[in-house]
Peer 1: 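Once you've had a glance at the structure underneath, I'll fire off some questions.
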Amino acid sequence: MRNFSLITGLICLLLLGYGCKETGESGNQSGVFKLEKLAGRWEFMNNDTHQIEEWSMTSNKELHGRGFVLEEGDTTFIEFLTIRESNGVLTYFAQISDKNSSEVVPFTLSSQTKNSIEFSNNGQDFPKTIGYEMKSDSMMLAYIEGPRDGQSIRILFNFEKQQE
């Protein structure tokens with residue numbers, strides 16, 4: 001019986017150790033996304049559109065940004081963005097610049113890793129999810145996801161960081 005208790009205790013310690021996140025050189029847990037990775041000017045271009053997101057750190061826990069779309073040199077869409085802790089939860093706030101609405105829509109943190117972060121708001125029509133995945137220091141995949149025309153879709157944006 002004593003061996004059983006010892007083995008059970010060792011298994012529990014191993015499981016606890018396995019469940020703990022690794023700590024990197026900076027002391028930051030490897031499963032935590034560093035917001036400063038988003039800081040800077042990011043651009044995505046395809047045949048139809050030129051999209052830009054600009055982010056800047058306003059404190060070590062808050063990021064402000066704006067996203068806009070250029071078509072033939074004219075700004076056709078602009079939104080103001082903030083990522084900060086709200087009520088103890090990391091939250092992404094989006095405010096579309098529109099004459100008819102200045103509503104700020106919150107998306108709460110739904111998952112994160114060292115290289116990706118995702119926010120969700122199931123009360124939204126579209127998108128319900130906004131995510132960022134760092135491919136490198138200069139390449140970022142952003143996406144919006146949700147239901148459209150009876151099916152779930154994900155729209156991808158392959159952003160490239162611009163030199164400052």
Peer 1: May I ask you to test the Ser120-Phe107 pair for a side-chain heavy-atom distance under 4.5 Å?
Peer 2: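 Contact flag for Ser120/Phe107 side chains = no.
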
Peer 1: Output the distance between atom CD (Glu160) and atom CE (Met139), rounded to the nearest 0.5 Å.
Peer 2: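 Nearest 0.5 Å value for the CD-CE distance: 5.0 Å.
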
Peer 1: Identify the heavy atoms of Phe126 and Ile153 that sit nearest to each other, and give their distance.
Peer 2: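 So the two residues come closest at CE1-CG1, 3.9 Å.
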
Peer 1: Return the set of residues passing salt bridge (Lys or Arg N to Asp or Glu O under 4.0 Å) with Glu62 (not counting sequence neighbours), or none when no residue passes.
Peer 2: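 With sequence neighbours excluded, Glu62 shows a salt bridge (Lys or Arg N to Asp or Glu O under 4.0 Å) to no residue whatsoever.
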
Peer 1: Run the salt bridge (Lys or Arg N to Asp or Glu O under 4.0 Å) test against Lys61 and tell me which residues pass, sequence neighbours left out.
Peer 2: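 For Lys61, no residue satisfies salt bridge (Lys or Arg N to Asp or Glu O under 4.0 Å) once neighbours in sequence are set aside.
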
Peer 1: Return the set of residues passing ring pair (Phe, Tyr, Trp, His ring centres under 6.0 Å) with Phe44 (not counting sequence neighbours), or none when no residue passes.
Peer 2: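 Partners of Phe44 under the ring pair (Phe, Tyr, Trp, His ring centres under 6.0 Å) test: Phe157.
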
Peer 1: Are side-chain heavy atoms of Leu38 and Met134 found at a separation under 4.5 Å?
Peer 2: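 Side-chain contact under 4.5 Å: yes.
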
Peer 1: Return the set of residues passing side-chain hydrogen bond (donor to acceptor under 3.5 Å, both in side chains) with Arg66 (not counting sequence neighbours), or none when no residue passes.
Peer 2: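 For Arg66, the residues satisfying side-chain hydrogen bond (donor to acceptor under 3.5 Å, both in side chains) (neighbours in sequence not counted) are Glu54.
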
Peer 1: Residues two or more places apart in sequence or in another chain: which of them pass ring pair (Phe, Tyr, Trp, His ring centres under 6.0 Å) with Phe119?
Peer 2: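 Applying ring pair (Phe, Tyr, Trp, His ring centres under 6.0 Å) to Phe119 gives Tyr92.
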
Peer 1: Does some side-chain heavy atom of Gln95 sit less than 4.5 Å from a side-chain heavy atom of Thr82?
Peer 2: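 The answer is no; the side chains never approach within 4.5 Å.
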
Peer 1: Taking only residues at least two apart or on different chains, which pairs with a member in residues 46-76 satisfy ring pair (Phe, Tyr, Trp, His ring centres under 6.0 Å)?
Peer 2: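 Every candidate ring pair (Phe, Tyr, Trp, His ring centres under 6.0 Å) pair involving residues 46-76 fails, so no pair, neighbours aside, qualifies.
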
Peer 1: Look up atom CG in Leu90 and atom OG in Ser110, then write down how far apart they are to the nearest 0.5 Å.
Peer 2: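 Reported to 0.5 Å precision, the distance equals 10.5 Å.
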
Peer 1: According to a 4.5 Å side-chain heavy-atom criterion applied to Ile, Leu, Val, Met, Phe, Trp and Tyr, with indirect links allowed, do Ile78 and Leu70 form part of one hydrophobic cluster?
Peer 2: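 In one cluster with Ile78: Leu70, yes.
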
Peer 1: Between Phe77 and Thr49, is there a side-chain heavy-atom distance shorter than 4.5 Å?
Peer 2: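 No, their side chains stay 4.5 Å or more apart.
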
Peer 1: Rounded to the nearest 0.5 Å, what's the gap from NZ on Lys34 to CG on Leu63? Could you check?
Peer 2: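 Lys34 atom NZ to Leu63 atom CG measures 14.5 Å (nearest 0.5 Å).
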
Peer 1: Apply the hydrophobic cluster definition, ILVMFWY joined by side-chain contacts under 4.5 Å directly or through others, and give me every member besides Leu141.
Peer 2: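 Taking Ile, Leu, Val, Met, Phe, Trp and Tyr as members, Leu141 shares its hydrophobic cluster with Tyr143, Leu156.
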
Peer 1: Enumerate the salt bridge (charged side-chain N to carboxylate O under 4.0 Å, His left out) contacts for residues 73-87, please, sequence neighbours excluded, ordered by first and then second residue.
Peer 2: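 Every pair satisfying salt bridge (charged side-chain N to carboxylate O under 4.0 Å, His left out) with a residue in residues 73-87: there are none.
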
Peer 1: To the nearest 0.5 angstrom, please state how far the CD atom of Gln151 sits from the CG atom of Asp149.
Peer 2: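 It comes to 7.0 Å.
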
Peer 1: Using the side chain to side chain contact (heavy atoms under 4.5 Å, CB included) rule, take Lys37 and Lys161 through it: C-alpha gap first, then chi angles, then the decisive distance, then the call.
Peer 2: CA-CA 11 Å; Lys37 289 181 178 185; Lys161 191 169 194 174; over 6 Å; no

Peer 1: Evaluate the side chain to side chain contact (heavy atoms under 4.5 Å, CB included) criterion for residues Phe80 and Val104: first the C-alpha distance (whole Å), next the side-chain angles of each, then the deciding distance (0.1 Å), finally the verdict.
Peer 2: CA-CA 9 Å; Phe80 300 97; Val104 177; over 6 Å; no

Peer 1: Which residue pairs satisfy the salt bridge (charged side-chain N to carboxylate O under 4.0 Å, His left out) criterion with at least one member in residues 129-141, sequence neighbours excluded?
Peer 2: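 Checked against salt bridge (charged side-chain N to carboxylate O under 4.0 Å, His left out) - neighbours excluded - the pairs reaching residues 129-141 are Glu133-Lys135.
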
Peer 1: Kindly write out the residues that satisfy salt bridge (Lys or Arg N to Asp or Glu O under 4.0 Å) with Glu71, not counting sequence neighbours, or none if the list is empty.
Peer 2: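 Glu71 satisfies salt bridge (Lys or Arg N to Asp or Glu O under 4.0 Å) with no residue once adjacent residues are dropped.
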
Peer 1: Excluding sequence neighbours, so at least two apart, what forms salt bridge (Lys or Arg N to Asp or Glu O under 4.0 Å) with Glu145?
Peer 2: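 Here the qualifying residues are Arg154.
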
Peer 1: Out of Ile83, Val32, Ile130, Leu109, which one pairs with Ile117 under the side chain to side chain contact (heavy atoms under 4.5 Å, CB included) rule?
Peer 2: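 Going through Ile83, Val32, Ile130, Leu109 one by one, the side chain to side chain contact (heavy atoms under 4.5 Å, CB included) with Ile117 is satisfied by Leu109 alone.
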
Peer 1: Using the side chain to side chain contact (heavy atoms under 4.5 Å, CB included) criterion, which residues pair with Lys128? Sequence neighbours excluded.
Peer 2: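 For Lys128, the residues satisfying side chain to side chain contact (heavy atoms under 4.5 Å, CB included) (neighbours in sequence not counted) are Asn122, Pro147.
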
